[in-house]
Amino acid sequence: MGRLMLVDGHSLAYRAFYALPAENFSTSTGQTTNAVYGFTSMLINVLRDEQPTHLAVAFDLGRQTFRTEEYAEYKANRATTPTEFSGQVPLIREVLDAMGVPQVTAEGYEADDVICTLTRRAREAGHDVLVVTGDRDSFQLVDDHVTVLYPVRGVSELSRMDPAAVEARYGVPPGLYPDLAALVGEDSDNLPGVPGVGPKTAAKWLLAHGGLAGVIGAAGDIKGKAGENLRTHLHDVERNRRLNRLVGDLDLPLGPADLERRPWDRDAIHTVFDGLEFRVLRERLFATFDNDEPEATGGFAVEVRRLDDAAARAWWDALPTSARLGAEVVLDDTADTGTGPGDGVVEAVALAASPAAGESVSEVVTVPPGTLLDLARGGGPGLVLHDAKPQLHLLAGRPPSSSTASLPEGLVVSDTALAAYLCRPDQRSYDLADLSVRHLGRTLVEGEEVEGGAPVEDQLGLDLDGGSGGGDDPSALLEAARQVRAVRAGIRAAAVAELDAVLRAELEEREGSALLRDLELPLLRVLARMEDAGIAVDVEQLQQLREHYDVRVSEAARLAWAEVGEEINLGSPKQLQRVLFEQLAMPKTKRTKTGYTTDAEALQDLYERTEHPFLLHLLEHRDAIRLRQTVEGLLATVGPDRRIRTTFQQTIAATGRLSSTDPNLQNIPIRTEEGRRIRAAFVVGRDSAGDMGCLMSADYSQVEMRIMAHLSGDAGLIEAFRSGEDLHRFVGSRVFEVEPAAVTPEMRAKVKAMSYGLAYGLSAFGLSRQLRTPVEESRALMDEYFERFGGVRDYLRGVVDQARRDGWTATILGRRRYLPDLTSDNRQRREAAERMALNAPIQGSAADLVKVAMLGVQAGLDAAGARSRMLLQVHDELVLEVAPDELDDVRELVVREMAGAADLAVPLDVSVGVGRSWFDAAH
DNA sequence: AAGAAGACGTA
DNA sequence: CGTACGTCTTCTTG
């Protein structure tokens, strides 16, 4: 006895398509996903709620069926299927494939017939059946063992149609429903019924005459207008009944026995859901899945021994020096350090040796952090951490009094988050629990992820909530909590140990091992030291700036409000749209998903056309409020030592770049005069030994174009860089066939935009929009450009071809980016992937170079025992704080390391500036 | 409370 | 209809 769930795929997808606003569901590549989302969401819910043992989804095959053959008008009233919808059906099928759900179709028949056939056969096998469909014809299948779940109100709610429900709704038992539908007609199928006969009349007749045959037989006796209509439409009614009868004897490739639910392909689900950008839905899916089949995804069983200093030393010494230990700090987050949320005290480090084969319970020890650091200083086993940098900060203690620089060399031999990132840099997170599920097929059972933290406590037989069994001895409770923390960290350490082995093999396969070992891993410590250092700011100057911008904000708002006569919220695009396009009836701008854009470019354009002063005040307000917010954000993060400490993210950007958060110091304004005042507030500070001398900013000039020249081998471009001539002037003189000296600023601007656009996959359309010139002109420019620099064109083509063949692009150092969408049937997705393929080797190689340079600079500073230190990296720029007497040495070091980061076909040009502030150091 | 959308800062 | 990010506000949804 099982429970078979049969889903009408098209019917539900259609419901979802119309229930969810398409504009709210699209991927970054422009694929609409509302139907996929709605369908999948509904499926997850219904699986969760109904727990079927068997499952299949039926799909229609085209529009030609035996019904259209009998009656050409069948469903002919339906508008042609929107392409937005049909494009999503294959995606839904991909989701189902990944979920291991069988799909059944039958040529010439509809999904309903498939469902009817499977229902019959399942009933014969003794199963109960649940039919999930938005097609009312299926009500004829309902009986004591067959229930239809019928969506009402969009996709969020399913109505449970059992015999009683059908009868309550239509006044007839399920068996008579198709008779009733034949009389009443079905608009959605273009089947007209008897005029003037609705469900009430039809039910009355059917009950009085025992069914449609009876009604037809007694047609002559039925009085009134309705009876007359019945007699003139008998033919329609009989036809309706033939068409709405579901076929129950199809020859199908699959029977109920083949539909038993099977394990889902986690990797496929990740791939599919990544592509669809369904993050929450994936979590819901796994939540449902894990609850369904816990035995398929056992967690980590650990046995934790707490070692004191002496025991830890003995344990450590017994390990082979080549051992790799999965590690995770044990954080006592109940200890209030008074320094903010998420802080705590490292009470121990959990260490897990790689498990011996067949071992089901991992042995984990926890050791005191001080002991561990001591031991590691003497060499021996290395640690593998997951997302090591924050843990290194915890281990090192809080700057400025402590620094990760003090941690033992060789402490961390790998980082599983970095390894996973190098394997697949496009993921948006490298959560240990996700990776564990994905690569180990094991659920990382963590207290936080389960209601009430049950699993770990269960494993320990503890009751932390202070309930009846918990006892009220406070020290016992504290001890129990400590043990829970140790077990949680121990589980993570055990997972890391296993993950390390798997990811090392995977990374090796992808030829990324050296990148991890020689670049990212050493860089991790460099970044940690930069984060430790922070950058000094002039707080008073920032406060003055805030006031200055604040005045600008108020003044601009006042003037803007005066122009429109009401105090609208100038930060609300919605209210702005109302004022601009309705109240002031300005010409419409570019469309967005929800209306018309009010971005700065559009506002500027509108101003040029209307000269309405409101627009100027609005732009002024935007600018000022943004600058004020930037300053406020910075002020909020200034530490007690007047320094700002960012976090560099090493596993976010798919191209290999770093990113900076909390606060983001990679997007401090520079383009406008007003914005640059913020840069001037970043100043040289002091270290433990006293005042530093100056800030130094060193950046690569045109690094991406140089990499393009190198990678393409284009003789003209290489010559441009070797000649020492201004790049854009040189290119302009070639493209426009004039002497370099005769290149006008306009010509230079055009080729400059073209050159930079190349690396982004710029189109003639995009170029024309940017240059505000006709498309033909920009196309001509592109043609001329490629004519002169044919190597560039050949290279760009070659990159995409290679990536399509191999599935990935690679940088100079072999950093890969996988782009499966290059072979997508969806043009939008494919072309977006092509642009990424063009850009990834260039942006990524630049990122490689800067990282190499950073390692070199750090090594040079360390070797010299310098006080000077690196503070920031802004993609092609390094910012350092230089000690007074080290300026010349550091300048020389930085230029040497940056320029020598790679041996390219063109020189790497580095420009350096120094000054009291970041602004002054700009050059 | 959490997420989407729109806007905009950087390279 | 140009790549890669992060963060803010407003608005919508659960």
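Letters A, B, ... are given to chains in the order of the sequence lines, protein chains preceding strands, and every chain is numbered from 1. What's counted below: heavy atoms across the whole structure, side chains too, no hydrogens, waters or symmetry copies.
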Notebook entry, point to check: Of the non-hydrogen atoms in A:S778 and A:T773, which two are nearest, and what is the gap between them?
Noted result: CB-OG1, 4.2 Å

Note to self: For a quick check under 3.5 Å, do A:S755 and A:Y785 share a side-chain donor-acceptor pair by atom type?
What the structure shows: yes

Item checked: OP1 or OP2 of B:dT10 under 4.0 Å from side-chain N/O of A:R671 -> yes

Notebook entry, point to check: When all nucleic acid strands are considered with a 4.0 Å heavy-atom cut-off, which category describes A:A759: base, sugar-phosphate, or nothing?
Noted result: nothing

Notebook entry, point to check: Can you tell which of C:dC11, C:dT3, B:dT10 lies closest to the side chain of A:Q575?
Noted result: C:dC11

Notebook entry, point to check: Would you say the base of C:dG6 and the side-chain of A:N664 have a donor-acceptor pair closer than 3.5 Å?
Noted result: no

Margin query: Any donor-acceptor pair, under 3.5 Å, between the side chain of A:R657 and the base of B:dA11, if you only look at N and O atoms?
Written below: yes

Notebook entry, point to check: Does any donor atom in the side chain of A:Y818 or A:R816 lie under 3.5 Å from an acceptor atom in the other side chain?
Noted result: yes

Check: Reckon A:R679 has a side-chain N or O less than 4.0 Å from the OP1 or OP2 of B:dT10?
Finding: no

Margin query: Restricting to non-hydrogen atoms, name the atom on A:Y700 and the atom on A:A901 that form the minimum distance, rounded to 0.1 Å.
Written below: OH-CB, 3.6 Å

Margin query: Any base atoms under 4.0 Å from A:R835, or only sugar-phosphate, or nothing? Heavy atoms, all strands.
Written below: sugar-phosphate

Check: Rounding to a whole Å, what distance do you find between A:M782:CE and C:dC1:C1'?
Finding: 12 Å

Item checked: Pair of N/O donor and acceptor under 3.5 Å linking C:dG6 base with A:Q666 side chain -> no

Margin query: Output the rounded distance in Å from CE (A:M705) to P (C:dT3).
Written below: 18 Å

Note to self: As a test of reading the structure: which of C:dT3, C:dT9, B:dA7 is closest to the side chain of A:Q629, going by heavy atoms?
What the structure shows: C:dT9

Checklist line | Gap between atoms CZ and P, on A:R428 and C:dA4 respectively (whole Å) | finding: 12 Å

Margin query: What's the closest nucleotide to the side chain of A:R817 if the choices are B:dA7, C:dA4, B:dA11?
Written below: C:dA4

Margin query: Which nucleotide wins on minimum distance to the side chain of A:P669, given the candidates C:dA4, B:dT10, C:dG6?
Written below: B:dT10

Next item on the list: Quote, to the nearest angstrom, the P distance that separates B:dA5 from C:dC1.
Entry: 15 Å

Margin query: Quick check on salt bridge (Lys or Arg N to Asp or Glu O under 4.0 Å): which of A:R626, A:R552, A:R679 does A:E674 satisfy it with?
Written below: A:R552

Notebook entry, point to check: Which part of the nucleic acid, if any, lies within contact of A:Q770, taking any heavy atom under 4.0 Å across all strands shown: a base, the sugar-phosphate backbone alone, or nothing?
Noted result: base

Check: OP1 or OP2 of B:dG6 less than 4.0 angstrom from a side-chain nitrogen or oxygen of A:T598, does that happen here?
Finding: no

Notebook entry, point to check: So, for A:Y760 and A:Y756, is the gap between ring centers shorter than 6.0 Å?
Noted result: no

Note to self: Once you apply a heavy-atom cut-off of 4.0 Å, does A:L758 come out as touching a base, just sugar-phosphate, or nothing?
What the structure shows: nothing

Note to self: Over all strands shown, is A:A764 touching base, sugar-phosphate only, or nothing at heavy-atom distances under 4.0 angstrom?
What the structure shows: nothing

Check: Testing A:F17, A:F273, A:F278 for ring pair (Phe, Tyr, Trp, His ring centres under 6.0 Å) with A:Y37, which one passes?
Finding: A:F278

Note to self: Under 4.0 Å, heavy atoms only, any strand: does A:I668 hit a base, just the sugar-phosphate, or nothing?
What the structure shows: sugar-phosphate

Check: Is any side-chain N or O of A:R622 closer than 4.0 Å to OP1 or OP2 of B:dC8?
Finding: yes

Note to self: At 4.0 Å (heavy atoms only), tell me whether A:T630 reaches a base, stays on the sugar-phosphate, or touches nothing.
What the structure shows: nothing

Checklist line | Proximity to the side chain of A:K574 - top-ranked nucleotide from B:dT10, C:dG2, C:dT12 | finding: C:dT12

Check: Does a nitrogen or oxygen in the side chain of A:T655 sit under 4.0 Å from OP1 or OP2 of C:dC5?
Finding: no

Note to self: Counting the atoms with a prime plus P, OP1 and OP2 as sugar-phosphate, which does A:A847 contact under 4.0 Å by heavy atoms, base, sugar-phosphate, or nothing?
What the structure shows: nothing

Next item on the list: For A:G766, report the nucleic acid contact type (base, sugar-phosphate, nothing); a contact means any heavy atom under 4.0 Å.
Entry: sugar-phosphate

Next item on the list: Determine: side-chain N/O of A:T592 to OP1/OP2 of B:dG6, distance under 4.0 Å, yes or no.
Entry: yes

Check: Where the side chain of A:D599 is defined as all heavy atoms beyond and including C-beta, which of B:dA11, B:dC8, C:dT7 is the nearest nucleotide?
Finding: B:dC8

Next item on the list: For the side chain of A:S659, starting at C-beta, report the closest nucleotide among C:dC5, B:dC8, C:dC1.
Entry: C:dC5

Item checked: Residue met sooner reading DNA chain C from 5', once A:G571 and A:D426 are mapped to nucleotides -> A:D426

Notebook entry, point to check: Nearest to the side chain of A:I670 - B:dT10, C:dG6, C:dG2?
Noted result: B:dT10

Margin query: Can you confirm whether the side chains of A:Q843 and A:T655 place a donor and an acceptor under 3.5 Å from each other?
Written below: yes

Next item on the list: Identify whether any heavy atom of A:R628 sits under 4.0 Å from a base atom; if not, whether one sits that close to sugar-phosphate; answer base, sugar-phosphate or nothing.
Entry: nothing

Notebook entry, point to check: For A:N667 and B:dA11, is the shortest distance between a side-chain N/O and OP1 or OP2 below 4.0 Å?
Noted result: no

Next item on the list: Would you tell me if any nitrogen or oxygen in the side chain of A:S660 comes within less than 4.0 Å of OP1 or OP2 on C:dG6?
Entry: no

